[in-house]
Colleague: 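I'd like to ask some things about the structure below.
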Amino acid sequence: MVRVILAIVVIVLTGYNRITETELVPYYMFFLGALILVTGLSELKKTEKAFGDK
């Protein structure tokens with residue numbers, strides 16, 4: 001759920017920046033970093049479960 005919200009925020013901010021050419025780069029880079037962090041943590045949690053099964 002958090003990944004979906006962060007992805008939507010990144011897409012909206014990027015689209016708005018492309019249309020209006022404002023300086024929103026730090027904001028959507030922050031949200032993109034947060035999205036990558038959340039995705040990485042969820043993938044790490046999946047692999048820990050896979051290693052625990054053996």
Side-chain angles (χ1 to χ4, degrees):
M1 185 68 183
V2 175
R3 288 186 344 194
V4 173
I5 293 170
L6 287 172
I8 290 171
V9 169
V10 168
I11 291 170
V12 167
L13 285 176
T14 305
Y16 182 76
N17 186 41
R18 298 291 270 167
I19 293 170
T20 61
E21 296 182 3
T22 57
E23 294 296 323
L24 293 176
V25 176
Y27 300 111
Y28 72 76
M29 290 301 282
F30 171 76
F31 285 110
L32 185 61
L35 175 62
I36 292 170
L37 178 68
V38 168
T39 303
L41 289 176
S42 67
E43 290 296 321
L44 184 63
K45 195 170 186 178
K46 283 182 189 177
T47 57
E48 284 180 358
K49 286 182 183 178
F51 286 128
D53 290 340
K54 292 183 178 182

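Note that the numbering runs from 1 along the sequence shown for the chain. Keep in mind the model is a prediction, meaning the values are calculated, not measured.
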Colleague: Using links of under 4.5 Å between side-chain heavy atoms of ILVMFWY residues, direct or through other members, which residues join I8 in one cluster?
Modeller: V4, V12
Colleague: Report all side-chain donor-acceptor pairs from residues 21-41 shorter than 3.5 Å, counting only partners two or more places apart or in another chain.
Modeller:
unit_1, atom_1, unit_2, atom_2, d
T22, OG1, T20, OG1, 3.3
T39, OG1, L35, O, 2.8

Colleague: Can you name the side chain to side chain contact (heavy atoms under 4.5 Å, CB included) partners of I19, sequence neighbours left out?
Modeller: none
